[in-house]
J.: 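Got a structure here, written out as structure tokens. Questions coming.
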2 protein chains.
Amino acid sequence: MAAAGPGIAADGQGQARPRKGRIREESRRRILDAAERIFARHGFAGATMAEIAQSIGMPKANIHYYFGTKEELYRALVVDIVEEWRHTSDCLTVDAEPRAAITQFLREKLDLTRRRPHAAKVFGEVNARAVPADDQDYLEDVRRVLESKGQVIDAWVAAKKIQPVDGRHFLMALWAMTQYYADFDGQMRGVLGKPGLTEPDWGYIADQVVSYALRVLGIE
Amino acid sequence: MAAAGPGIAADGQGQARPRKGRIREESRRRILDAAERIFARHGFAGATMAEIAQSIGMPKANIHYYFGTKEELYRALVVDIVEEWRHTSDCLTVDAEPRAAITQFLREKLDLTRRRPHAAKVFGEVNARAVPADDQDYLEDVRRVLESKGQVIDAWVAAKKIQPVDGRHFLMALWAMTQYYADFDGQMRGVLGKPGLTEPDWGYIADQVVSYALRVLGIE
DNA sequence: GTCTATAAAGGGATAGAC
DNA sequence: GTCTATCCCTTTATAGAC
């Protein structure tokens with residue numbers, strides 16, 4: 001735990017550097033963005049470093065320079081994704097008003113899915129398959145969040161604020177519905193007969209999902 | 001369209017042969033079962049022919065003998081899976097009693113997920129990612145089923161049998177919940193604190209999911 | 001039909017110039 | 001920090017004996 005020198009941030013994972021490394025951070029971001037798209041489309045094993053590099057007009061070697069191996073790149077991406085996901089359930093607290101809290105939670109979750117559809121797909125693969133990062137601590141954190149927020153739901157039930165549900169399973173149901181709109185976008189586009197979901201589509205989807213959740217809880 | 005010889009079935013895709021090929025069908029089944037497990041665990045690109053072969057103590061060459069290429073094996077597997085999935089929604093008809101129909105649909109769907117968890121994961125990958133078979137006719141069929149069954153739900157709404165929902169989105173929500181229990185089994189095991197889901201667990205899960213669905217429709 | 005050995009291609013990773 | 005050329009391992013696929 002040596003003190004950091006002047007102008008140099010003390011960062012464990014080489015994350016943010018204040019003065020030096022502007023180019024470095026910019027390159028890392030470009031690579032992570034490309035990796036998110038390619039890994040989402042082909043999965044961890046199916047994605048190639050060549051395609052990631054080519055999609056941003058960069059030599060393969062540069063990616064290795066910044067992230068070492070393909071596996072390290074993937075792990076870094078998952079950390080980046082989980083970090084943003086982590087706080088979508090912050091609004092679910094024992095003292096919150098269930099109707100407003102659930103509504104906000106679902107709308108934030110769907111909004112994140114809409115803004116970062118590729119991220120949701122990558123996260124889905126981490127949870128469903130044997131890939132690097134499928135056994136990491138931060139995933140244990142995700143599980144802990146699900147557990148603690150499930151207890152919040154249970155507390156609402158105990159306080160007679162909502163109809164009885166199993167908190168953990170109800171949260172999984174909400175998660176499942178929002179995740180679905182990311183994973184199965186191809187299928188949905190087929191069903192809805194459109195090449196892509198528009199802004200009004202997302203509003204309509206949010207209305208439907210929120211409505212379902214509130215009806216289950218008997219607080220629509 | 002030449003007439004089939006005596007004792008030889010006329011099969012377009014080399015599916016069922018009555019007299020000859022008992023060993024052949026048995027080998028194909030063993031390979032498909034192994035492929036289902038391995039493809040589910042690692043995804044299409046991550047799975048290797050060697051691992052599939054080794055898991056059933058068979059030389060790699062035999063798999064190529066029966067299925068040609070890795071891609072053809074995957075396509076054959078998807079066909080096999082979709083075939084079984086296809087009929088889970090048969091009970092959803094305009095004249096059916098919504099409560100019984102929805103309950104049966106969800107219980108059959110979850111039962112299939114329990115019996116063939118790997119199949120559900122493979123199917124998830126087909127819908128979510130760029131893999132062989134992600135643009136096939138039978139997937140178009142799946143979409144058509146979702147569309148037609150969505151219209152059944154809409155008809156129930158029109159007949160005032162259930163509370164208003166968008167049929168397609170409601171079906172997607174049901175699909176999402178059941179699919180979730182296949183894709184995210186690792187995460188759920190973490191949350192539920194168990195190494196695997198037991199028989200009573202599946203009963204409880206079915207009760208929860210059915211209850212949610214019926215509450216949304218206002219017919220619990 | 002089954003198996004061993006091997007050919008052929010693809011892709012992760014690195015060396016080393018600039 | 002950036003890029004080209006290349007190494008080398010993995011994996012698909014097949015040839016050919018049994």
Side-chain angles (χ1 to χ4, degrees), chain A residues 8 14-78 125 129-133, chain B residues 8 14 16-17 19-35 37-78 129-133:
Chain A
I8 304 296
Q15 288 282 18
R17 285 184 184 78
R19 216 167 288 275
K20 198 197 166 218
R22 242 184 34 245
I23 300 176
R24 183 179 185 82
E25 282 312 306
E26 209 168 295
S27 292
R28 284 179 59 99
R29 259 268 65 84
R30 280 179 62 213
I31 294 169
L32 281 174
D33 287 347
E36 191 169 302
R37 272 185 299 110
I38 308 298
F39 279 130
R41 191 187 314 273
H42 300 288
F44 171 72
T48 66
M49 300 297 271
E51 189 178 355
I52 295 172
Q54 191 182 21
S55 76
I56 51 176
M58 185 182 277
K60 284 192 307 177
N62 289 29
I63 303 185
H64 283 104
Y65 171 74
Y66 282 115
F67 288 94
T69 68
K70 182 186 183 182
E71 180 171 327
E72 286 173 306
L73 171 60
Y74 191 80
R75 295 189 119 94
L77 176 61
V78 173
E125 190 192 22
R129 262 173 275 285
V131 290
Chain B
I8 304 295
R17 285 183 184 78
R19 217 168 286 276
K20 196 193 164 219
R22 243 184 35 244
I23 300 175
R24 185 180 184 83
E25 282 313 305
E26 209 168 297
S27 291
R28 284 178 60 98
R29 258 270 64 85
R30 280 179 62 212
I31 294 169
L32 281 174
D33 287 347
R37 271 185 299 109
I38 307 298
F39 279 131
R41 193 189 312 274
H42 300 288
F44 170 73
T48 66
M49 301 296 269
E51 187 178 357
I52 295 172
Q54 191 182 21
S55 76
I56 51 176
M58 185 182 277
K60 286 190 307 176
N62 290 28
I63 303 184
H64 282 104
Y65 171 74
Y66 282 115
F67 289 93
T69 68
K70 181 185 182 182
E71 180 171 328
E72 285 173 306
L73 171 60
Y74 191 81
R75 295 187 118 95
L77 175 62
V78 173
R129 264 172 273 286
V131 290

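Protein chains get the first letters and strands the later ones, always in sequence-line order, with residue 1 at the start of each. For the numbers below, each heavy atom of this structure counts, side chains included, while hydrogens, waters and symmetry mates do not.
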J.: Find the distance R28(A):CZ to dG1(D):C1' and express it as a whole number of Å.
T.: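 That distance rounds to 15 Å.
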J.: Rounded to whole Å, how long is the line connecting atom CD of E72(B) with atom C1' of dT12(D)?
T.: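 The answer, rounded to whole Å, is 13 Å.
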J.: Please determine, for the side chain of K70(B), which listed nucleotide (dG1(C), dG12(C), dT12(D)) has the closest atom?
T.: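 Of the candidates, dT12(D) comes closest.
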J.: My understanding is that only residues two or more places apart in sequence, or in another chain, count here; which of them pass side chain to side chain contact (heavy atoms under 4.5 Å, CB included) with A53(A)?
T.: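 A53(A): side chain to side chain contact (heavy atoms under 4.5 Å, CB included) contacts with K60(A), I63(A).
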J.: Do I52(B) and L73(B) have side chains that approach each other closer than 4.5 Å (heavy atoms only, starting at C-beta)?
T.: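 In short, these two side chains touch, coming nearer than 4.5 Å.
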J.: Say whether, by atom type as modelled, one donor and one acceptor occur between the side chain of R30(A) and the main chain of I56(A) under 3.5 angstrom.
T.: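 Yes.
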J.: Under 4.0 Å from any atom of DNA chain D, heavy atoms only: list the residues of residues 38-66 of chain A that qualify, in numerical order.
T.: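 Only P59(A), A61(A), N62(A), Y65(A), Y66(A) qualify.
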J.: Measure CZ/F67(B) against C1'/dA13(D) and give the value in whole Å, please.
T.: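 Whole-Å distance recorded here is 16 Å.
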J.: Using only atom types and a distance under 3.5 Å, with no angle test, would you say the side chain of E72(A) pairs donor to acceptor with the backbone of T69(A)?
T.: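 Checking the backbone N and O of T69(A) against the side chain of E72(A), a donor-acceptor pair under 3.5 Å is found.
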J.: Sequence neighbours left out, what pairs pass salt bridge (charged side-chain N to carboxylate O under 4.0 Å, His left out) with at least one residue falling in residues 37-59 of chain A?
T.: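 The answer is none; no pair qualifies.
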J.: Let me know the distance between CD of E71(B) and P of dT11(D), rounded to the nearest Å.
T.: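 The answer, rounded to whole Å, is 18 Å.
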J.: Check the distance between dG1(C)'s P and R22(B)'s CZ and give it to me in whole angstrom.
T.: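 Nearest whole value for this atom pair: 12 Å.
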J.: Quick one: does NZ or CZ of K70(A) land under 6.0 Å from the six-membered ring centre of F39(A), within 45 degrees of the ring axis?
T.: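 No.
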